There are 2 protein chains.
Amino acid sequence: MTGSGAHGGGRRTMGTHPPDGRPSAVDRVVATVRSGVRDGRFAPGQRLVEADLMRELGIGRNTLREALSRLSSDGLVTIAPHRGASVRRLTRTEVEQLYELREVLEGLAARLAALHINTPGHRDRLLAALDAVQETARTAEMPQYIDENLRFHRTVVEMSGHTRLLELVDQLQLQTFRVQFRSAAAHDRTGMRGFSVSEHQSLAEAILAGDAEQAENIMRTHLRHTGSSILQLPDSDFA
Amino acid sequence: MTGSGAHGGGRRTMGTHPPDGRPSAVDRVVATVRSGVRDGRFAPGQRLVEADLMRELGIGRNTLREALSRLSSDGLVTIAPHRGASVRRLTRTEVEQLYELREVLEGLAARLAALHINTPGHRDRLLAALDAVQETARTAEMPQYIDENLRFHRTVVEMSGHTRLLELVDQLQLQTFRVQFRSAAAHDRTGMRGFSVSEHQSLAEAILAGDAEQAENIMRTHLRHTGSSILQLPDSDFA
DNA sequence: AGGACGAGATTGTAGGACAATCCAGCGAAG
DNA sequence: CTTCGCTGGATTGTCCTACAATCTCGTCCT
């Protein structure tokens, strides 16, 4: 999500603001940096110097600082006193811990999703998401496949009906996106896709059957697999 | 942990080593508002007007806005566009969801704490925390008892060695503090203290025994009890 | 060479300005 | 009398400038 979006020539004459229908300047900056981190325009460890970003994005310092502050709360960048912001680089331990969190949180989400499976529209949404994953698993390139993959997970969390949980999981997914990408690229020829797809399928079946216990278990197992596959990456992929 | 900005907010100014002596102005404001919400100086729903707080705290608008922004990411205040910040009021559903989160997160913490029980110093810290709870349960007034109670939970989470988990749980505890307080006050004469204390004791025993499974179960059960006791509060305590 | 020193870069904070937006109160219309 | 629309004040969103504090790094002196 947060697709490339059409943000044309950024530095229009300041002064005029979009007619509120839409994101505040801070929101736009946050979204821009987020997607920038996602698609590698900002590399992990890279420093984000205020003056540069101000020029680049055509915004004032307050706005930028508020955006960076928010990104830091989300864990996507770190801010060191008097040294400024930089794109966060995760250590191996941190990745491990993030996956421990995803395990319990998305496990809860799967459980709740199973409990709410009879909410109108839920069945269709889940089936559609599963279909999309299976389709892109066969045909699409890696970036798209990963995207669809995350969307499937996100759908499950949305179906939990737990707004706070959705926020937390979104954060965690964003933070783990880069390493997840590298891991997926590295394991792609070892049949990982098929394995992952089959886990997704069993998960969907459990949820559709309303089997909360089973859904939670599958989700947790699945994330444990994903996590440990990521942890096999060489040291160069961590801080 | 009342007041004293010992743990500066999110992962913002946490250099690995403390090269800077004092908390930044933003940190001080965040800590001030936090403790203000805790001890009722700021009531839930109350609006936090920038001009007032600027005068009251003697700081500039940038600093204040950055602090409010961070507090909003922590979920302690809400910021509505063009309406500013106000102390967050939780709905019944939100409280329920927060306790679902605490259940899985602190459950994980208890499990990890049990696994790490042999780390030097851990046994003593846990025993000290348990002792403090039991002591204040007998002798102290409600605010102090609740404080010690939270400190006990926090100790368990610290012993998990999972820094991100600690941050999340801290957030959740802060958000639920208010209702937790009212609930405790309401149930105090129904022997709730003794019940809670005995659960804490079994939890400590399970952790000390290194029984991760049992520790997680007790923690989760305990939080489920706490949560449902809070949900018995009348509607007037919710948004 | 090694360490002290200073110049430039960068951030932290204050404070002013102005447009956009919200809100309460008032008056007109039904 | 109630409802609707308008206006003016209050408040926020964003920009800007300024300056002190702090960090970085190259230079110079011993």
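Nothing here was measured: the structure is a model prediction, and the numbers come from that model. Below, read A as the first sequence line, B as the second, and so on, with proteins coming before strands; counting in each chain starts at 1.
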Rounded interatomic separation in angstrom, taking [atom1] from [X] and [atom2] from [N]:
| X | N | atom1 | atom2 | result |
| --- | --- | --- | --- | --- |
| B/Leu68 | D/dT11 | CG | C1' | 13 Å |
| A/Glu66 | C/dT13 | CD | C1' | 15 Å |
| A/Arg65 | D/dG13 | CZ | P | 17 Å |
| B/Asp52 | D/dA10 | CG | P | 12 Å |
| B/Arg55 | D/dA10 | CZ | C1' | 13 Å |
| B/Leu53 | C/dA14 | CG | P | 13 Å |

With distance as the sole test, does B/Ser228 use its side chain to make a donor-acceptor pair with the main-chain N or O of B/Arg224 at under 3.5 Å?
yes
Are the side chain of B/Thr176 and the backbone N or O of B/Leu172 linked by a donor-acceptor pair below 3.5 Å?
yes
Taking for each residue the nucleotide of DNA chain C with the nearest heavy atom, is it B/Leu64 or A/Ala85 whose nucleotide lies nearer the 5' end?
A/Ala85
Is a donor from one side chain sitting under 3.5 angstrom from an acceptor on the other, for A/His153 and A/Glu106?
yes
Looking at B/Thr63, I'd like to know whether one of its side-chain N or O atoms comes within less than 4.0 Å of OP1 or OP2 on C/dG12.
no
Are A/Arg83 and D/dT22 close enough that a side-chain N or O sits under 4.0 Å from OP1 or OP2?
no
With the side chain of A/Glu50 defined as its heavy atoms from C-beta on, choose the nearest nucleotide among C/dG12, D/dT14, C/dA14.
C/dG12
Which of D/dT14, D/dC23, D/dG13 is nearest the side chain of B/His82? It is D/dG13
Within the 4.0 Å heavy-atom criterion, would you say B/Arg47 contacts the bases, only the backbone, or no part of the nucleic acid?
sugar-phosphate
Does A/Asn62 contact D/dG13 through a side-chain donor or acceptor facing the base, at a distance under 3.5 Å?
no
Is there a donor N/O on one and an acceptor N/O on the other, under 3.5 Å, for the side chain of A/Arg61 and the base of C/dT13?
yes
Report the C-alpha separation of B/Arg88 and B/Asp74 in whole Å, then their side-chain angles, then the decisive distance to 0.1 Å, and conclude whether the salt bridge (charged side-chain N to carboxylate O under 4.0 Å, His left out) test is met.
CA-CA 11 Å; B/Arg88 182 160 193 179; B/Asp74 285 0; over 6 Å; no
B/Glu96 and B/Arg92: CA distance, side-chain angles, deciding distance, salt bridge (charged side-chain N to carboxylate O under 4.0 Å, His left out) verdict
CA-CA 6 Å; B/Glu96 199 176 344; B/Arg92 206 181 277 271; over 6 Å; no
